[in-house]
Amino acid sequence: MSTFQNTTSSSIIFLLTGVLGLEAFHTWISILFCCLYVTALSGNSLILFAIVTQPSLHEPVYYFLSMLSTTDLGLSISTLVTVLGILWFNAREISFNACLSQMFFIQLFTVMESSVVLAMAFDRFVAISNPLRYASILTDLKIAQIGVAIITRGTLVQIPIQVLLKRLSFCHSHVLHHSYCFHPDVMKLSCTDTRINSAFGLTALITTAGVDSIFILLSYCLIIKTVLSIASPEERKKAFSTCISHIGAVAIFYIPLISLSFVHRFGQRAPPYVHTLIANAYLLIPPVMNPIIYSVKTKQIRRAVLKVLHPGATKN
């Protein structure tokens, strides 16, 4: 299935790919991926439920954490069906419209996660630099406005990408190289000029994750400056400790993203399964690790989760 007649986009069927080079181990890999998906879905659902039901967690920092859990759930659900479908049933076919829909939600939740991580950095800056006015600055209305802005931003960035992909023709191989629809992967299969698509995709990446990373770095420069001005070493330690979970969230979002970018640009000689595994890790690591990090490092979240799991348990 290497060549096709030029067809309209609505009639195209793409073929997704499993872990190239490790097909014999798909059963074992599926068990690993299934465990990761279960961990991501259950962990984020539990944190979200705890924040919604526990009045003690109705504070700005936990509202932002609930947004992070929501985006992680969206990322996990967006790829679950195709990834496990390939590994379990070798269900590789996906229509062009279904592919576009999956791509839209994957990229939407990725942009939203980047935005939420930035909002959480701002939250930590306000909490440390101006603790007395923290609640008056980050009111419920302001947080709701930030949430709407995050969704709007992600949607507005993705709509032009979808429109530009709709105009492409596909007349060569329809075999994708990932187990989900990935924007650069789909573009490579087009026999139409994709320079506009590439330019807009790069611009979207720079103006979202790129700009967000700069503002996150700036926030932490200001946080460090504020903390170093605190006289007491004990208070410095306490202030820094409130940022540990968020620093972890930043790391597990940007490290896989950067790794995937490097592999796509400089890893042509790497085995095919390296590309596939990193591409899946890029979307699976944040949803899996964020609930673990916040449950381990944040006492209030840990207590709330334990209270949800064991309503009669006493606080430690």
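Two residues are said to be in side-chain contact when any heavy atoms from C-beta on lie closer than 4.5 Å; Glu234 and Lys238 fail this criterion. In this structure the side chain of Arg92 reaches within 4.5 angstrom of the side chain of Val175, judged on heavy atoms. Side chains of Ile137 and Pro60 form no contact here, defined as non-hydrogen atoms less than 4.5 Å apart. For the pair Ser259 and Tyr282, the minimum side-chain heavy-atom distance is 4.5 Å or more. Leu138 has its side chain within reach of Phe122: a pair of non-hydrogen atoms, C-beta onward, lies under 4.5 Å apart. The shortest distance between side-chain heavy atoms of Ser66 and Val52 does not fall below 4.5 Å. By the 4.5 Å heavy-atom criterion applied to side chains, Phe182 and Ile106 are not counted as neighbours. Ser213 places none of its side-chain heavy atoms less than 4.5 Å from the side chain of Val250.
Between the side chain of Thr192 and the main chain of Ser169, a donor-acceptor pair closer than 3.5 Å is present. For Asn44 (side chain) and Pro287 (main-chain N/O), a donor-acceptor pair under 3.5 Å exists by modelled atom type. A distance-only check finds no donor-acceptor pair linking the side chain of Ser45 to the backbone of Ser42 [under 3.5 Å]. Panel note: side chain Glu59, backbone Leu57; no donor-acceptor pair is recorded below 3.5 Å. At least one donor-acceptor pair under 3.5 Å links the side chain of Asp185 to the backbone N or O of His177. In this structure, His58 contributes its side chain and Ile51 its backbone to a donor-acceptor pair below 3.5 Å. At least one donor-acceptor pair under 3.5 Å links the side chain of Asn290 to the backbone N or O of Pro286. Remark: the backbone N or O of Val288 is not paired with any side-chain donor or acceptor of Thr39 at under 3.5 angstrom. A donor-acceptor contact shorter than 3.5 Å is absent between the side chain of Asp212 and the backbone of Leu118.
A chain of hydrophobic side-chain contacts below 4.5 Å, direct or via other Ile, Leu, Val, Met, Phe, Trp or Tyr residues, connects Ile224 to Ile247. Residues Ile161 and Val111 do not share a hydrophobic cluster, clusters being chains of Ile/Leu/Val/Met/Phe/Trp/Tyr side chains in contact below 4.5 Å. Transitive grouping of hydrophobic side chains (ILVMFWY, heavy atoms separated by less than 4.5 Å) keeps Met187 and Val163 in distinct clusters. Leu222 and Ile214 sit in two unconnected hydrophobic clusters of ILVMFWY residues. Membership requires side-chain heavy atoms under 4.5 Å apart, directly or through other members. The cluster map of Ile, Leu, Val, Met, Phe, Trp and Tyr, joined by side-chain heavy atoms under 4.5 Å apart, puts Phe25 and Leu284 in the same cluster.
Atoms OG1 and CD, from Thr208 and Gln107 in turn, are 9.5 Å apart once rounded to the nearest 0.5 Å. Distance check, rounded to the nearest 0.5 Å: CG of Leu257 to CD1 of Ile278 gives 12.0 Å. Rounded to the nearest 0.5 angstrom, Met112 CE and Thr70 OG1 are separated by 7.5 Å. Annotation: the span from Tyr220 atom OH to Cys243 atom SG amounts to 4.5 Å, rounded to 0.5 Å. Remark: Phe170 CZ to Ile13 CD1 distance equals 12.5 Å, nearest 0.5 Å. For the atom pair CG of Leu100 and CD of Gln102, the computed distance is 10.5 Å after rounding to the nearest 0.5 Å.
Minimum interatomic distance between Ser115 and Arg153 (heavy atoms only, all atoms of both residues): OG-NH1, 2.6 Å. When all heavy atoms of Val83 and Ser179 are compared, the closest pair comes out as CG2-OG, 3.5 Å. Contact between Glu235 and Ile230 at its shortest, heavy atoms only, is OE1-CG2, 3.2 Å. A pairwise comparison of heavy atoms in Leu108 and Gly154 identifies CD1-C, 3.4 Å as the closest pair. The nearest pair of heavy atoms linking Thr139 to Ser136 is CG2-O, 3.2 Å. The two residues Arg236 and Val227 make their nearest non-hydrogen contact at CG-O, 3.4 Å.
Within 6.0 Å of CZ in Phe49 there are 12 or fewer heavy atoms belonging to other residues, nucleotides or ligands. Ile196 CD1: 12 or fewer foreign heavy atoms inside a 6.0 Å radius. The neighbour count for Tyr134 OH, taken as heavy atoms of other residues, nucleotides or ligands under 6.0 Å away, is above 12.
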When you look at Leu15 and His174, which way does the side-chain contact (heavy atoms from CB on, under 4.5 Å) test go after all the steps? CA-CA 6 Å; Leu15 293 178; His174 292 178; 5.7 Å; no
Please test Thr298 against Ser245 for side chain to side chain donor-acceptor pair (under 3.5 Å), starting from the C-alpha separation and ending with a verdict. CA-CA 7 Å; Thr298 308; Ser245 297; 3.3 Å; yes
Evaluate the side-chain contact (heavy atoms from CB on, under 4.5 Å) criterion for residues Leu73 and Leu48: first the C-alpha distance (whole Å), next the side-chain angles of each, then the deciding distance (0.1 Å), finally the verdict. CA-CA 10 Å; Leu73 282 172; Leu48 194 58; 4.1 Å; yes
Phe33 and His26: CA distance, side-chain angles, deciding distance, ring pair (Phe, Tyr, Trp, His ring centres under 6.0 Å) verdict: CA-CA 10 Å; Phe33 275 48; His26 270 191; 9.4 Å; no
Would you please test Leu68 and Glu113 for side-chain contact (heavy atoms from CB on, under 4.5 Å) and show each step? CA-CA 6 Å; Leu68 186 66; Glu113 180 132 356; 3.7 Å; yes
I'd like to know whether Phe89 forms a side-chain contact (heavy atoms from CB on, under 4.5 Å) with Leu84, so could you lay out the CA-CA distance, the side-chain angles of the two residues, the decisive distance to 0.1 Å, and finally the verdict. CA-CA 8 Å; Phe89 311 110; Leu84 295 184; over 6 Å; no
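A donor atom on one side chain and an acceptor atom on the other are found under 3.5 Å apart for Thr79 and Tyr37.
Note on Asp193 versus Arg167: no salt bridge recorded, every NZ/NE/NH1/NH2 to OD/OE distance being 4.0 Å or above.
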